[in-house]
Amino acid sequence: MAITMAQALNTALHDAMEADDKVVMFGEDVGTLGGVFRITDKLQERFGEKRCFDTPLAESGIVGTAIGMAMYGYKPVVEMQFDGFTYPAFEQIVSHLAKMPNRSRGTVQLPVVVRIPYGGGIGAVEHHSESPEAFFSHVAGLKIVSPGTPSDGYSLLRRAIDSPDPVIFFEPKRRYWLKEDAELPVTTEPFGTAVVRRQGTTATLLAYGPMVRTALDTAKAAEEEGWDLEVVDLRTLNPFDAKTVVASVAKTGHAVVIHEAQVFAGFGAEVAAQITERAFYDLEAPVLRVGGFDVPYPAAKLEEFFLPDTDRILDAVERSLSF
Amino acid sequence: MAITMAQALNTALHDAMEADDKVVMFGEDVGTLGGVFRITDKLQERFGEKRCFDTPLAESGIVGTAIGMAMYGYKPVVEMQFDGFTYPAFEQIVSHLAKMPNRSRGTVQLPVVVRIPYGGGIGAVEHHSESPEAFFSHVAGLKIVSPGTPSDGYSLLRRAIDSPDPVIFFEPKRRYWLKEDAELPVTTEPFGTAVVRRQGTTATLLAYGPMVRTALDTAKAAEEEGWDLEVVDLRTLNPFDAKTVVASVAKTGHAVVIHEAQVFAGFGAEVAAQITERAFYDLEAPVLRVGGFDVPYPAAKLEEFFLPDTDRILDAVERSLSF
Amino acid sequence: MAAAPLTPDPATLLPSLEPVQLLDNQGVLHEVDGYPLDLKDEDFRNLYRFMVLARRVDKQGINLQRQGQLGVYASLLGQEAAQVGGAYALDEQDWVFPSYREMGAALVRGVDPGKILQLFRGTWLSDHDPHATHFGLLSIPIATQALHAVGFAMGAKLDGKDLVVMSYFGDGATSEGDAHEAMNFAAVYDAPCVFYVQNNQYAISVPLSKQTKAPTIAHKAVGYGMPGYRCDGNDVLASYAVAKQAVERARAGEGPSLIEAITYRMEAHTTADDPTRYRTAEELAEWNARDPIARFETFLTKEGLLDDAFRAQIDDEAKAYAARMREEIYDAPHGDPLELFEHVYVEPPASYDEQRALLRRELEAQ
Amino acid sequence: MAAAPLTPDPATLLPSLEPVQLLDNQGVLHEVDGYPLDLKDEDFRNLYRFMVLARRVDKQGINLQRQGQLGVYASLLGQEAAQVGGAYALDEQDWVFPSYREMGAALVRGVDPGKILQLFRGTWLSDHDPHATHFGLLSIPIATQALHAVGFAMGAKLDGKDLVVMSYFGDGATSEGDAHEAMNFAAVYDAPCVFYVQNNQYAISVPLSKQTKAPTIAHKAVGYGMPGYRCDGNDVLASYAVAKQAVERARAGEGPSLIEAITYRMEAHTTADDPTRYRTAEELAEWNARDPIARFETFLTKEGLLDDAFRAQIDDEAKAYAARMREEIYDAPHGDPLELFEHVYVEPPASYDEQRALLRRELEAQ
Ligand SMILES: Cc1ncc(C[n+]2csc(CCOP(=O)(O)OP(=O)(O)O)c2C)c(N)n1
Ligand SMILES: Cc1ncc(C[n+]2csc(CCOP(=O)(O)OP(=O)(O)O)c2C)c(N)n1
Ligand SMILES: [Mg+2]
Ligand SMILES: [Mg+2]
């Protein structure tokens, strides 16, 4: 059956609430409206206003109260309406959600999931297309997840909700309508397991979230050039599956890491550094990074020039191969 | 004359206010008290309550009003009392301070300096020893500065205040009492100019802010091992001086980048990635990263085990040399 | 106890529950003590003119979005009186810091609507020069602009300038920490600032009753020691008169205040929204009966201030505006992609040369 | 206008300016309407006991810092009545979410002071189990814990538990966005939560008059549609009685409220602070004359509740506490450095093995 990422996520939320009545859901417009992307559609109808409810317009408030509810014993799943509106909650996420289990010497656990529709490519106005994953990846105590397919969307979100550790769950909003033949419920590999989405020998493309599809499209396009690209989907940025990544790069000798966020100090730097540390002698060229330019996310009409696409990736592959 | 970093910074603020009456200073306890580290000592006395004043306890408020004052035509220098209390201002910094000049097509300029005493090593309680520079380095529109010596403290802060672009100015709080023979005012190189603090041939240590001193100490200690280490002080993370860095690594073939922040997705990854991209064939080993562990900043009695020190750096040098 | 109250009589801070209304639903003028109308005939006509223009310009915005010319658009339909009345109370040297729904206020400030729409088209992130019209950048992150307004007002005060700043935001915005910090800073520094809340009853789908349990939004002023006012936001005269009072207060150095203009968003939250999911046709009809323009029209006609010539003139002007908007927007090409690297820094990093070169190569390869 | 007020009569929300005081400065009890004292002799003695213990434990904290055993310490001297009175109003199942200055409240909840001090010593970031005593982690980022308190209360309510949460914070904390969001959420969800502000007149060096222009901190409650109360925070009976009323209100499902306990920090902000830079000896002397313990002592003595035997018993207890604290703190070794990698994740990443190995090597090399 063909399902979309949005359906997979909605079903995952539904099934998690069904399975465990400690799971509660809140955020701006997630109740009556079902979320601006309808990812929480029908959940309030099904589970009532007590388990799925709208909040006042205050992101720090949302994350802060989620922490308190988790201390009480609930498993809150909260939505930040858009990537760019996660920032008001930064302090609660960094100073408390990430640290409290450690601070408390394990006496407090915070099984909270912060869902963030993220990334660009949908022609949105500013602050609606950000890729803030690097910020949160740099915060010990958080797990960072970003699915690239509907099956992973379902499975990783279920795992995130079941996780005893706090999870920042980055939903690739431009892939909400991405389809896949899959039967729900579906169980894919656990956190910390990257997956080779396409076998290849020429070079490795490393991607996550919205860029997985782009990487696969690029691999297809690369066939014309006679290149056989391997595509690795990281799935979880933390934990980071160095093993799968290194195995692929050891095979191909070339690596290009891709994300939408600006390249400078982005997560790609971490991937590049890890590969270089762990597979130095396997590398025939430096790991190249492809991403957005080091400028603010631009206006909709210009985002195509900002965002990495097949051409920019192929250009990097070529530079790598001819290094 | 021997001056400390704290004196250099205080004098820089004083001289900047003297030189330009558009410079205003505010933050928590910066007025009457002169700041908890006394970096703004005597400024209110000298320049009056209108140009140096205490604010209510609200960091988003501090940065947000600084933006408004800069739009009006002032040059606000604001203090975040400690690194860990910058987070409430994250949205104002990321969504507005960094973006507004670009959003406005250059019709709005924001010559704001956000001063942040940062880093550990002073036995402080939690949230007082954070190194958040990687977060802000990943934000286009900001300049990221961190002096390692009193002279640079003075000169870079003067430049930051004169900068037409917003600057996040990271003051290495554990080096506030670091002394140097220098005559103020002093002018060191402009933003984007790293400096070789010690010439060497065996390997390059790359550091900034509080770790510059540690790197120099390590180079000294390394002499015993017969290693002649070069030490590069980055000074500004953005703009990043790839030229000086690459020239050094091209010479030594080995590079170790050092910061206090956790290594995972830290700024060291960017440095490592850049060096690898730009000096691949010069590298005899991967760029190694030395930093804090990927855990929350620990309690004071344990920080010595968390923080990078001479031993951890020498260990990395050894790994690099024997790679 | 030494902890004496900080202002003489807090009871005086308690806003009146009854919103100031000067024009009733039937367009009949009732004077209200303390809110004298200092308007000339020309002003009455101008208020009407701006409201009609705002509605027309707004309609054009929606249409352009429907025609695929804008990515999204946030309508002000129903809020014309609140927006225009508020902004009309300002003098030329004063400033407005808007959110994203303030096309009406923009018009009053003389901002070209076509420029405002470029944000929604996605040509650039903002296209007007705030310094030319004293109308700040549209601000999407909720409540954040209130702090910019306060900082600007603090700057003006420090500089000894006669200048008042008005910050618009919504009912939902009052829940954000930034709104709180802004009002507190303004009060502490006696900043010449007016917080103008258009209470249009919803934050997207969330009704005011789920946003706050405050008796009214105006009551939030009490906690900052500043006056809070309520006005019928569908009555342009009340909106003006109350704003005028707050503006004059700020101008006289008496500090900030908060205005709650009670109104209703007749359209969807933005063109991307489906309001049938969260509100009823009855509610809509109820508010439709309080249309801000119709009411004012009745009044002006009775007063003999609205003749066919003037209507025709406004109509022409509205048409011209709309035509110009279509012209400016319709298939407006995006600018030079290489401008991505402009305006980020006055002193850009060296790495921009490499990145610009990459983009140039990509553009040439197309 | 349809926009009817959300609660019946906002005027009833206006806090009384006069703080509730039951014991005057001379230790004479005056009954105050609406604040009946439901205390038995044992309770009176217990309140006294906790205050004396708090002062002794606090003194020990300062001394341990002076002896180099703690990195820093935040004294509660002068705030004993406010802290103890507030916490004493809670039942066993209730919770406290403190800031960093709540040693007195911790004592009432049965938390071992030595454990609290481990944070200031730097042994670990927190050392008590919040679930054992229903006393949350000390919270240093200002006002953030108020949101945790609200969330906890929301959880309890959802779960149908009879449980009230009290969040302590300071006068300075009221300026933070988080305090605002916490109070708004609590009111919107009718969370069984009491916001207990110790107005000790300063946020480090910043006096209340520069923190806010609100008539009083209690008046901030109006903007959330909840009751605000003021009490003499140096009067343990008033602090208790007002807190009790707010707690019972929350317990009865009537929602949150805000208490301003007016008191004074007699010591430096922390041991790292130099208060002579920002306040006068006269001010200090004035507040010293209102000492919360002396006043209560006079009262208890008159009532015959305080005899030498009881004094001696408390004295012994206090000495034992202090001795135990010294024992727990004095040269307390830090724990195993390898614990750095514990408790961060229940399911740690693979990379921890490498990092743990590196640290192990470093430790062995020493
Ligand atoms: C910080 C932040 N959070 C969330 C959003 C998403 N959002 C856009 S408009 C809106 C509702 C705003 O309601 P209100 O303040 O009443 O203004 P109105 O749209 O009714 O004019 C929300 C939640 C945002 N823009 N910024
Ligand atoms: C978010 C944040 N900003 C700044 C600080 C630094 N700081 C610690 S205590 C304090 C003053 C707090 O004043 P108040 O809330 O009145 O509590 P008190 O210390 O008087 O008990 C400040 C500014 C902090 N801990 N957290
Ligand atoms: Mg609204
Ligand atoms: Mg205080």
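Values below: all heavy atoms of this structure, side chains included; hydrogens, waters and symmetry mates excluded.
Between chain A and the residues N184(D), L158(D), L163(D), the most heavy-atom pairs under 4.5 angstrom are made by L158(D). The residue among A242(A), A98(A), G61(A) with the most heavy atom pairs within less than 4.5 Å of chain D is G61(A). Of all the listed residues (V24(A), N238(A), D241(A), L57(A)), the one sharing the greatest number of non-hydrogen pairs under 4.5 Å with chain D is N238(A). Here A156(D) is the residue among A182(D), A156(D), A191(D), P349(D) with the most heavy-atom pairs under 4.5 Å with chain A. Chosen from G106(A), S60(A), P101(A), P239(A), the residue pairing most often with chain D at heavy-atom distances under 4.5 Å is S60(A). The candidate with the highest count of non-hydrogen atom pairs below 4.5 Å against chain A, out of H148(D), E181(D), K161(D), is H148(D).
Residues G155(D) and Y74(A) come closest through the heavy atom pair O-CE1, 3.4 Å. Closest approach of E91(A) to P141(D), counting heavy atoms only: OE2-CB, 3.5 Å. For the residue pair W95(D) and M71(A), the shortest heavy atom distance occurs at CZ3-CE, 4.3 Å.
No part of A350(D) comes within reach of chain A, as not one of its non-hydrogen atoms sits under 4.5 angstrom from that chain. Only the backbone of E59(A) comes within less than 4.5 Å of a heavy atom in chain D; its side chain stays farther off. Contact annotation for K143(A): both backbone and side-chain heavy atoms come within less than 4.5 Å of a heavy atom of chain D. With a 4.5 Å cut-off on non-hydrogen atoms, H128(D) touches chain A through its backbone but not through its side chain. No part of D21(A) comes within reach of chain D, as not one of its non-hydrogen atoms sits under 4.5 angstrom from that chain. With a 4.5 angstrom heavy-atom cutoff, S351(D) does not touch chain A via any of its atoms. V346(D) touches chain A through backbone and side chain together, each having a heavy atom under 4.5 Å away. Within the 4.5 angstrom heavy-atom criterion, only side-chain atoms of D178(D), from C-beta onward, approach chain A. Both the backbone and the side chain of T55(A) come within less than 4.5 Å of a heavy atom of chain D. In this structure, the portions of A58(A) lying under 4.5 Å from any heavy atom of chain D include both its backbone and its side chain.
Side-chain N or O atoms of D165(A) include one that pairs as donor or acceptor with a backbone N or O of E347(D) at under 3.5 Å. Side chain of R105(A) to backbone of E342(D): no donor-acceptor contact under 3.5 angstrom is found. W124(D) places no side-chain N or O within donor-acceptor distance of the main-chain N or O of S104(A), the cut-off being under 3.5 Å. The backbone N or O of P166(A) lies less than 3.5 Å from no partner atom in the side chain of Y345(D), so there is not a single donor-acceptor pair.
Residues V108(A) and P130(D) have side chains in contact (heavy-atom distance under 4.5 Å, counting atoms from C-beta outward). Side-chain contact between I67(A) and L147(D) is absent, with no heavy atoms from C-beta onward closer than 4.5 Å. Counting only heavy atoms from C-beta outward, the side chains of D159(D) and K22(A) approach each other to under 4.5 Å. Side chains of S139(D) and H96(A) form a contact here, defined as non-hydrogen atoms less than 4.5 Å apart.
A salt bridge links E354(D) with R278(A): the distance from a Lys NZ or Arg NE/NH1/NH2 to an Asp or Glu carboxylate oxygen falls below 4.0 Å.
Note that CD of Q109(A) and NE2 of H343(D) are 9.5 Å apart. Values are rounded to the nearest 0.5 Å. One finds the NZ atom of K50(A) at 7.5 Å from the NZ atom of K157(D) (value rounded to the nearest 0.5 Å). The CE atom of M154(D) sits 4.0 Å away from atom CZ of F53(A), with the distance rounded to the nearest 0.5 Å.
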